[in-house]
Colleague: 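The structure is given below, and queries will be raised subsequently.
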Amino acid sequence: MRTFLMYQVVALVLCVSASEDFDWTKNERTSFYYGTFPTGFSWGAGSSAYQTEGAWNTDGKGMSIWDAFSHKKGKIFLNATGDSSCEGYHKFKDDITLMKDMKLNHYRFSISWPRILPSGLKSEHINEKGISYYDDLINKLLDNNITPIVTLYHWDLPQVLQEKYGGWQNVSMVNHFNDFARLCFERFGNRVKYWVTFNNPWSVAVEGYETGEHAPGLKLRGTGAYKAAHHIIKAHAKVWHTYDTQWRSKQKGLVGISLTADWGEPVDTTNQRDIEAAERHIQFYLGWFASPIFHGDYPQIMKDYIGRKSGQQGLGASRLPVFSPQEKSYIKGTCDFLGLGHFTTRYITPKNYPSGLGDSYFTDRDLAELVDPQWPDPGSEWLYSVPWGFRRMLNFVKSQYDNPMIYVTENGVSEKTLCTELCDDWRMQYFKDYINEMLKAIKDGVNVKGYTAWSFLDNFEWDEGYSERFGLFYVDFRNKNKPRYPKASVQYYKRIISSNGFPNQREVEIWKRKAIETCSSSNQLLAADPLIGHMEMVTEIVVPTVCTLCILLSAVFLMFLLRGRL
């Protein structure tokens, strides 16, 4: 999952290349559509290694940049770490039992690079215990008829490679990553048929090397993100070619990339300047990575804007690196499917940032991001529920990239509450609305083949620690055994899967009622734990109406303690 800047609502974007076919002026917001998905549509849930595995120094695993980053005081909310997180390394068999009960078709997870190559280098040492863990995970999934979709890089670069080479600032990462990928193809490729090279490289580049909010925490303003992205794109292409030439004929698998993409809607769809700003917003996010992969080069608008601003700053060359003609042809077409992560939408309008303000990815775009205060926002400050943006985004990708095969690799909503609340009606509503907009997009002709709910479990949410929960299953992080409890959304999503969509209004309404009944009994299970186990320290209450009763109980408990002291 990705996190975003919370500064001014500076968020993220979808990105693509010059949109000749997309009609910015047409925004159909139609009523709920009752119908089913195509036969064979794949339903799943997702996770990542650092966020869920724990066991950070177990069985020969090397240190990752996130291990090092989270161990530094002040980097993560409440100084939390992923040292144990969900203990998925030890509990994966139990988790797969839960997946089977949900009738998941696929499970998306990532392989920890330092767990199988502690130093990051294949030539130095292969950790066979790490290999065995992923062997067991993959085999158990397949035994339960769950297809593994495997991400090679979900942000946990081996720390040794960061210290020795500077991580993704160094072009040597291209070959090191290719060696790691080859090892994965060699050991797991006879069973894994869906590979994702990188998850949300925007966040790796911008938050890791521009703002420093994420590991490795570097603040190389105006240059670091562009250089990191340049090397990531090259690394992706090399891995795709490696699989294509050495493994595809034997293993018959597919290699794609997962790009997180939020929709950017013009404030005024009749205003050309707003439309151009929304186009920039999209080009500077998804198009930054998708345009080279599908068209062979960066979006022209990125080259123009960054080049012009670099010149105004007195630089001899653009801060945006350049692909050679050979690199352009090598990178173009290196995508068997496009993974899309999507969470929210912004309104976009132009805003001029003078070059004197200094170099910055954000000021390079010359735009402002706005939100409608009426949009629901149950959890993360950046995440507003705007379902119609999902259909817009999917149709935009269809028009831009010749309707590629799409797997939705992340979609979901968080909560940030004072208490344990398993009756997550806002998440059920989010899934219902967003999945329905995806169904409408398929009816529009968009080639979506699968959907991955984010996330399977509550997990370590990067710089937010454990203060935000995206999971279908609640995890009690205060308990060393990290027990899982199903939220109402588990039953609701299970019924969507079983029906392969939304059969009729009456049945869909029954789903929610039955899910609430189920979660009420689960709440009773949690009630057997000490009350303190249900309380979380957070900075704000975003949805007090959801758990008013729990807040009152907490207040009574606090008063009892104070009276005891007096």
Side-chain angles (χ1 to χ4, degrees), residues 15-18 113 120 122 150-153 157 161 165-186 189 194-202 204-205 209 223 225-259 283-304 306-307 317-340 397 400-406:
C15 292
V16 195
S17 176
W113 186 346
K122 184 180 178 184
V150 180
T151 303
L152 291 169
Y153 190 84
L157 183 76
L161 297 184
Y165 301 104
W168 292 107
Q169 291 298 292
N170 193 314
V171 72
S172 67
M173 288 303 104
V174 174
N175 288 330
H176 296 321
F177 182 68
N178 188 59
D179 288 342
F180 163 60
R182 286 179 61 190
L183 176 63
C184 292
F185 298 152
E186 179 185 317
Y194 294 89
W195 295 98
V196 175
T197 54
F198 290 89
N199 178 79
N200 190 2
W202 184 97
V204 177
Y209 294 91
T223 59
Y226 298 134
K227 185 182 284 189
H230 201 67
H231 297 149
I232 286 170
I233 293 165
K234 288 183 179 182
H236 160 80
K238 182 152 191 171
V239 166
W240 186 91
H241 281 286
T242 293
Y243 189 85
D244 192 52
T245 58
Q246 299 178 25
W247 301 101
R248 190 186 300 278
S249 62
K250 291 177 276 189
Q251 297 180 351
K252 314 287 190 212
L254 301 175
V255 177
I257 189 169
S258 176
L259 304 177
Q283 299 295 0
F284 266 80
Y285 192 73
L286 185 69
W288 185 4
F289 299 92
S291 189
I293 291 169
F294 285 96
H295 301 310
D297 200 2
Y298 292 121
Q300 189 62 44
I301 197 70
M302 282 190 78
K303 294 194 289 184
D304 291 346
I306 299 168
S318 175
R319 288 179 279 107
L320 182 68
V322 176
F323 292 117
S324 70
Q326 294 80 8
E327 287 170 337
K328 290 177 184 179
S329 60
Y330 184 76
I331 293 166
K332 184 179 179 180
T334 56
C335 199
D336 300 324
F337 66 90
L338 177 62
L340 280 179
V397 171
Q400 289 299 294
Y401 303 118
D402 195 24
N403 202 14
M405 183 193 302
I406 294 172

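Values reported hereafter were calculated over all heavy atoms of this structure, with side chains retained and with hydrogens, waters and symmetry mates removed.
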Colleague: Find out whether Trp247 and Glu186 are in side-chain contact, i.e. whether some heavy atom of one side chain is under 4.5 Å from a heavy atom of the other.
Modeller: yes
Colleague: Output yes when a side-chain donor or acceptor of Arg248 lies under 3.5 Å from a complementary backbone atom of Gly253, and no otherwise.
Modeller: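 Yes.
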Colleague: Using 0.5 Å steps for rounding, measure from the OH atom of Tyr401 to the CD1 atom of Ile406.
Modeller: 10.5 Å
Colleague: With a 3.5 Å distance limit and no angle check, can you tell me whether Asn200 reaches the backbone of Leu259 through a side-chain donor-acceptor pair?
Modeller: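 Here the side-chain-to-backbone pair does not exist.
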Colleague: Give a yes or no on whether Lys234 atom NZ has more than 12 heavy-atom contacts from other residues, nucleotides or ligands under 6.0 Å away.
Modeller: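 Counting neighbours around NZ of Lys234, more than 12 heavy atoms of other residues, nucleotides or ligands fall under 6.0 Å, so yes.
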Colleague: Does CZ belonging to Arg182 count more than 12 external heavy atoms closer than 6.0 Å?
Modeller: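 Incorrect, the count does not exceed 12.
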Colleague: Looking at Gln169 and Lys227, would you say the former's side chain and the latter's main chain have a donor-acceptor pair under 3.5 Å?
Modeller: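 No, Gln169 side chain to Lys227 backbone: no donor-acceptor pair under 3.5 Å.
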Colleague: Roughly how far, to the nearest 0.5 Å, is CH2 of Trp113 from OH of Tyr153?
Modeller: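 Result: 7.0 Å between the selected atoms.
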Colleague: Looking only at heavy atoms, which two atoms of Ile306 and Leu320 are closest? And how far apart?
Modeller: CG2-N, 3.7 Å
Colleague: Considering all heavy atoms of both residues, which atom of Tyr298 and which atom of Pro292 are nearest to each other, and what is their separation?
Modeller: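 What the structure gives for the nearest pair is CD2-CG, 3.8 Å.
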Colleague: Measure the NZ-CD distance between Lys328 and Gln326 for me, rounded to the nearest 0.5 Å.
Modeller: 10.0 Å
Colleague: At their closest point, which heavy atom of Pro201 faces which heavy atom of Ser258, and how far apart are they?
Modeller: CD-O, 3.5 Å
Colleague: Quick check for you: to the nearest 0.5 Å, what is the distance between Thr242 atom OG1 and Asn178 atom CG?
Modeller: 3.5 Å
Colleague: Taking the six-membered ring for Trp, are Trp168 and Phe198 closer than 6.0 Å centroid to centroid?
Modeller: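 Trp168 vs Phe198: aromatic centres under 6.0 Å.
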Colleague: Going by heavy atoms in the side chains, are Trp195 and Cys184 under 4.5 Å from each other?
Modeller: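 Touching, per the 4.5 Å side-chain cut-off.
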Colleague: Could you tell me if the ring centre of Tyr165 sits under 6.0 Å from that of His176?
Modeller: yes
Colleague: Between Leu340 and Leu286, is there a side-chain heavy-atom distance shorter than 4.5 Å?
Modeller: yes
Colleague: Does any donor atom in the side chain of Asn199 or Thr151 lie under 3.5 Å from an acceptor atom in the other side chain?
Modeller: no
Colleague: Assess, by modelled atom type and distance only, whether the side chains of Asn175 and Lys238 contain a donor and an acceptor separated by less than 3.5 Å.
Modeller: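 Asn175 vs Lys238: donor-acceptor pair found between side chains.
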Colleague: With side chains defined as the heavy atoms from C-beta onward, is the minimum distance between Val239 and Phe180 less than 4.5 Å?
Modeller: no
Colleague: From Ile293 CD1 over to Ile257 CD1, what is the distance, rounded to the nearest 0.5 angstrom?
Modeller: 4.0 Å
Colleague: Using the benzene-type ring in the case of Trp, are the ring centres of His236 and Phe177 under 6.0 Å apart?
Modeller: no
Colleague: Counting only heavy atoms from other residues, nucleotides and ligands, does the tally under 6.0 Å from NZ of Lys332 exceed 12?
Modeller: no
Colleague: Kindly determine whether Asn170 and His231 satisfy side-chain contact (heavy atoms from CB on, under 4.5 Å), including the steps that lead there.
Modeller: CA-CA 7 Å; Asn170 193 314; His231 297 149; 5.6 Å; no
Colleague: Quick one: CG on Leu183 to CG on Leu152, what's the gap to the nearest 0.5 Å?
Modeller: 10.5 Å
Colleague: If only side-chain N and O atoms count, and only distance matters, is there a donor-acceptor pair under 3.5 Å linking Trp240 with Asp336?
Modeller: yes
Colleague: Could you tell me if the side chain of Tyr194 sits less than 4.5 Å from the side chain of Val150, heavy atoms only?
Modeller: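 When only atoms from C-beta onward are counted, Tyr194 and Val150 do not touch, as no gap falls below 4.5 Å.
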Colleague: Any non-hydrogen side-chain atom of Asp297 less than 4.5 Å from a side-chain atom of Lys303?
Modeller: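 Contact flag for Asp297/Lys303 side chains = yes.
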Colleague: Less than 6.0 Å separating the ring centroids of Phe323 and His230?
Modeller: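 Yes.
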Colleague: Is there side-chain contact between Tyr226 and Trp288, with heavy atoms separated by less than 4.5 Å?
Modeller: yes
Colleague: What pair of heavy atoms forms the shortest contact from Ala228 to Tyr209, and how long is it?
Modeller: CB-CD1, 3.8 Å
Colleague: Identify the two heavy atoms, one from Gly256 and one from Cys335, that lie closest to each other, and give their separation to 0.1 Å.
Modeller: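 Heavy atoms only, the tightest pair is CA-SG, 4.4 Å.
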Colleague: Say whether, by atom type as modelled, one donor and one acceptor occur between the side chain of Thr223 and the main chain of Arg319 under 3.5 angstrom.
Modeller: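 No: the side chain of Thr223 does not pair with the backbone of Arg319.
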